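Heads up, the thing below is written out as structure tokens.
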There are 2 protein chains.
Amino acid sequence: MDAQPRWLAPEQKAAWDSFIRMHETLIGRLSRHVQADAGLSASDYVVLVSLTERGNGRMRFLDLAKLVEWEKSRMSHQVTRMAKRGLVAREECPDDGRGAFIVATPAGYKAIEEAAPQHVEHVRRLFIDALTPNQLHTFGQLSQRILDHMGKQPD
Amino acid sequence: MDAQPRWLAPEQKAAWDSFIRMHETLIGRLSRHVQADAGLSASDYVVLVSLTERGNGRMRFLDLAKLVEWEKSRMSHQVTRMAKRGLVAREECPDDGRGAFIVATPAGYKAIEEAAPQHVEHVRRLFIDALTPNQLHTFGQLSQRILDHMGKQPD
DNA sequence: ACGAAATTGTTGACAGCTCATCTACTTCTG
DNA sequence: CAGAAGTAGATGAGCTGTCAACAATTTCGT
């Protein structure tokens, strides 16, 4: 029925493999660092950064989920776990009886303020410093281009 | 004690963000596709491809783990699950009493042979086709450069 | 104003990953 | 060849992510 599958050309496959391996290695290292340095998982870090940087420490549940592009159920579980460890708390929303605010606790602030500078150093050391400014710019542009392309593709 | 943290410059942060978001979106879509198309998780896919493509359907446990750069425990759990679903089987190794071979079953072959062409099409549609050949080449080179850089960095 | 539909968020079951630990075998050293 | 050290792989506990179902509101259409 189908035509022969069109496998990737060697050059295409090489690019794809490098990309995939690079990402895995990079993210693997970064998340081990943030775990070791600050006792935070990568997810904890993302939540706390979003909450404190963009939401001033307090954000509606779904806004937070949308900001980081997570499913609401993932966020809900994550918040439950973080609340248990005292990093964030839930608060009721007066305007909307269904709603909830997520707020960063003082312990949450403390954790992220300790973790962030170290994390940035690692990002710099492992990723930013690997490329010249021009190369980094190109890399970012190409990433964005792929992102835009996917936005136009179905599904 | 520390100097002021050196946050990323806007241009650097933009590149980093595009990269991270692009990868998440891309991998998210691809793994949902392979799950829906063939009932395989991304991990199942990687294991079966490695096994059938590079190992001719049969590989030593740790060789397989090294090939895909997974921890042995991860691979062990993965193989256990896949064995339970009949995609692979374990076989004893005559040369080394501790060892094991992992072999792709006929069902495993069937699954990967159905999944692979569709997967490649999605990779092509979402990723390859987003860039010109030159851009793709550049993107692959830069990825490889980052990978090489990390190889030289401690930890 | 009233029922249908949409929105907000939670929950439980289950698959996946990591870490530490354990067993069994092999190899190395004296 | 005995014992120590290394290697191959399995296992269990515990955290994380996904999916489907659910409850509690709010909003919308008439």
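Everything numeric in this text was worked out from a predicted model, so none of it was measured. In what follows, every chain begins at residue 1, and chains take the letters A, B, ... in the order their sequences are listed.
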No-hydrogen, no-angle side-chain donor-acceptor test under 3.5 Å, A:Arg32 and A:Gln35
no

Of D:dT16, D:dG12, D:dA8, the nucleotide closest to the side chain of B:His77 is D:dG12

Would you say the rings of B:Phe139 and A:Phe139 are close, in the sense that their centroids are separated by under 6.0 Å? yes

note: A:Asp44, atom CG; D:dT16, atom P; distance rounded to Å ~ 6 Å

Margin query: Any base atoms under 4.0 Å from A:Thr80, or only sugar-phosphate, or nothing? Heavy atoms, all strands.
Written below: nothing

Between A:Gln78 and D:dG17, is there a side-chain N or O to OP1/OP2 distance below 4.0 Å?
yes

(Q) On the nucleotide D:dT16, are OP1 or OP2 found under 4.0 Å from the side-chain N or O atoms that A:Arg81 carries? (A) yes

DNA chain D nearest-nucleotide lookup for B:Ala100 and A:Gly97: closer to the 5′ end is B:Ala100

Worksheet item: Touch check for A:Arg90, heavy atoms < 4.0 angstrom, all strands: base, sugar-phosphate only, or nothing?
Response: sugar-phosphate

> Taking 4.0 angstrom as the limit, do A:Asp17 and A:Lys13 come out as a salt bridge?
Replying inline: yes

* So, does A:Arg6 use its side chain to make a donor-acceptor pair with the main chain of B:Arg124 at under 3.5 Å? -> no

Winner on side-chain proximity to B:Ser76, out of D:dT18, D:dC15, D:dA10, is D:dA10

message: So, does B:Arg74 get its side chain near the phosphate of C:dC19, meaning an N or O under 4.0 Å from OP1 or OP2?
response: no

task = Classify the side chain of A:Arg98 and the base of D:dT25 as holding, or not holding, a donor-acceptor pair under 3.5 Å.
result = yes

Looking at A:Ser73, I'd like to know whether one of its side-chain N or O atoms comes within less than 4.0 Å of OP1 or OP2 on D:dA20. no

B:Arg32 atom CZ is separated from D:dG17 atom P, nearest whole Å, by 15 Å

Of the candidates D:dA8, C:dT8, C:dC19, the side chain of A:Asp96 sits closest to C:dT8

